[in-house]
Amino acid sequence: MAGIVIVGGGQAAASMAAKLRSLGYVGAVTIVGEEPVPPYQRPPLSKAYLLGDMPLDRLTLRADDWWAAQDITLRTGTRVTAIDRAAKTVRIGDEVLGYDQLALCTGATPRWLPEAIGGHLPGVHVVRTLADVDAMAPQFVAGRRLVVIGGGYIGLEAAAVARKLGLEVTLIEAAPRILGRVACAETADAIRALHTTHGVEIIEGVGLARLLGDTAVTGAELADGRIIPADFAIVGIGVTPEAGLAQAAGLRVENGIAVDAQGRTSDPAIWAAGDCAAFPLNGRPARIESVGNAIDMGELVAANMLGAGRDYAPKAWFWSDQFDMKLQIAGLNTGYDQVVARAGEGGGAGQSFWYFRAGQLIAVDALNDPRAYMIGKRLIEAGKPVTAAQIADPATELKALMA
């Protein structure tokens, strides 16, 4: 009774295992995760947990006794080193574990700066795991100087936490503007203004030459010669899908572990879900790095392992907390050609930005505007016909668009 083995101990793995049991699967289920702790939430790491507003016990996805009650074997602090597809086994050190079906939920790995430019100096951190955040947390002391490399959501969230705790913060983005890959200029402008108001120095359009220091990081030298002093640095320049195990096993890898519309890899007994999985979307392999995707895809793959035969249709949603602003995002803005701004209803301070592609609503960014987010998400998922003119007209009641 080899059962189902899930490699990876994150949100996708936890959701998959729970779904298998809720669907009535009674065979063995084993989760093998490299981290020494049970599956936990990652998004709060760079927000509430780093700020000290969320204790460790609230990060955990399931209580210890839940895994036992569900008869799910949870092997933490354990690394799978190889897959033998012919024998249907995985290797864990000197141990060999058999499987009937295998799921790869290996996630993604943060990109580090090259060692040649100081990327591996003591005091340089990335944000991905509980251990990463625990290692940097003691540095968050009022008056200390933080340099953040990268103007994506992770870097901006870390900058916001640092300022709230009284640190001096400089954020460096080599691209012309922050959030260049993930949000429209209007959203970026609003978030830049928010950070500037709270005392974050944002430098855009200037690359990093190197991090300075001998035994520890002491500053950052920019491409234009400026020197920014620093007591520590956080690097947020994206992630790489963890596909090495799959590639070594001869599985197809393309922008991650390549899967079909149902989550199956090039080996019919092996599946993948979450940040590591590249699934077909609009004719090309796509990955979505989000909790929502990890949950939805993990659950879908669980169902398909049991014969459901359903294709994955992502219902993308994301969020980011920065200072007193909650950004909620629905949909995927890839290929947008028009953005419409809308003020919050009822004279509120919120605002939203609506993305259109060839006249179709595809995404919405809602800043302190939960109503716009909720209605926008429903409109997108339902495929309701909505025009840019309707959204731009302040007389339009959003709720009426759902009729």
Side-chain angles (χ1 to χ4, degrees), residues 4-17 30-37 39-40 42 45 74-99 101-116 119-120 124-132 135 150 154 235-260 263-280 284-291 293-294 297-298 301 305:
I4 294 173
V5 174
I6 303 170
V7 181
Q11 181 74 68
S15 298
M16 186 182 297
T30 304
I31 294 177
V32 185
E34 288 192 37
E35 292 189 68
V37 293
Y40 60 87
R42 292 193 193 279
L45 290 177
L74 190 60
R75 300 188 58 170
T76 58
T78 304
R79 183 169 179 262
V80 173
T81 56
I83 301 168
D84 186 330
R85 293 166 52 193
K88 284 193 171 183
T89 60
V90 295
R91 179 166 292 280
I92 304 171
D94 294 331
E95 180 186 356
V96 172
L97 182 64
Y99 64 83
Q101 297 189 82
L102 178 67
L104 302 178
C105 301
T106 46
T109 303
R111 296 191 183 102
W112 287 80
L113 292 170
E115 186 174 3
H120 294 186
V124 179
H125 301 272
V126 294
V127 183
R128 182 68 180 181
T129 67
L130 182 61
D132 291 334
I154 288 291
V235 177
I237 55 174
V239 297
T240 301
E242 191 56 68
L245 185 65
Q247 190 163 32
L251 298 175
R252 189 163 64 88
V253 171
E254 184 179 4
N255 184 31
I257 303 172
V259 298
D260 64 15
R264 187 184 287 105
T265 72
S266 50
D267 183 320
I270 303 178
W271 309 72
D275 289 4
C276 68
F279 58 91
R284 65 183 62 185
R287 289 189 310 106
I288 300 178
E289 298 163 5
S290 76
V291 168
N293 177 69
M297 195 174 187
V301 167
M305 281 180 163

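All values derive from a computational prediction rather than experimental measurement. Quick note: residue numbers are just sequence positions, from 1.
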Donor-acceptor pair, [X] side chain versus [Y] backbone, under 3.5 Å?
X    : Y    : answer
R75  : T30  : no
R111 : V239 : yes
S266 : R252 : yes
T78  : T76  : yes

Minimum heavy-atom distance [X]-[Y], with the two atoms named:
X    : Y    : answer
N255 : A278 : O-CB, 3.4 Å
S15  : A294 : CB-O, 4.4 Å
A277 : R287 : O-CG, 3.2 Å
G263 : V301 : CA-CG2, 4.0 Å
A14  : P39  : CB-CB, 3.9 Å
C276 : A272 : SG-CB, 4.5 Å

Distance from [X] atom [atom1] to [Y] atom [atom2], nearest 0.5 Å?
X    : Y    : atom1 : atom2 : result
I83  : L97  : CD1   : CG    : 11.5 Å
R128 : E35  : CZ    : CD    : 9.0 Å
T240 : D275 : OG1   : CG    : 11.5 Å
Q101 : I4   : CD    : CD1   : 5.0 Å
M297 : C105 : CE    : SG    : 9.0 Å
L245 : L251 : CG    : CG    : 8.5 Å

- Can you list the steps and then say if I31 with L74 is a side chain to side chain contact (heavy atoms under 4.5 Å, CB included)? CA-CA 5 Å; I31 294 177; L74 190 60; 3.8 Å; yes
- Side-chain contact test, heavy atoms from C-beta onward, threshold under 4.5 Å: evaluate it for R91 versus V96 and give yes or no. yes
- Query: Is any side-chain heavy atom of L102 closer than 4.5 Å to a side-chain heavy atom of D267?
  - Reply: no
- Message: Looking at E95, I'd like to know if its CD atom is crowded, meaning that more than 12 non-hydrogen atoms belonging to other residues, nucleotides or ligands lie closer than 6.0 Å.
- Response: yes
- Task: Output, in order, the C-alpha distance, side-chain angles, deciding distance and verdict of side chain to side chain contact (heavy atoms under 4.5 Å, CB included) for V7 and Y99.
- Result: CA-CA 11 Å; V7 181; Y99 64 83; over 6 Å; no
- Task: Check step by step if side chain to side chain contact (heavy atoms under 4.5 Å, CB included) holds for Y40 and T129.
- Result: CA-CA 10 Å; Y40 60 87; T129 67; 3.7 Å; yes
- Applying side chain to side chain contact (heavy atoms under 4.5 Å, CB included), run through L45 and L130 and close with a yes or a no. CA-CA 7 Å; L45 290 177; L130 182 61; 4.0 Å; yes
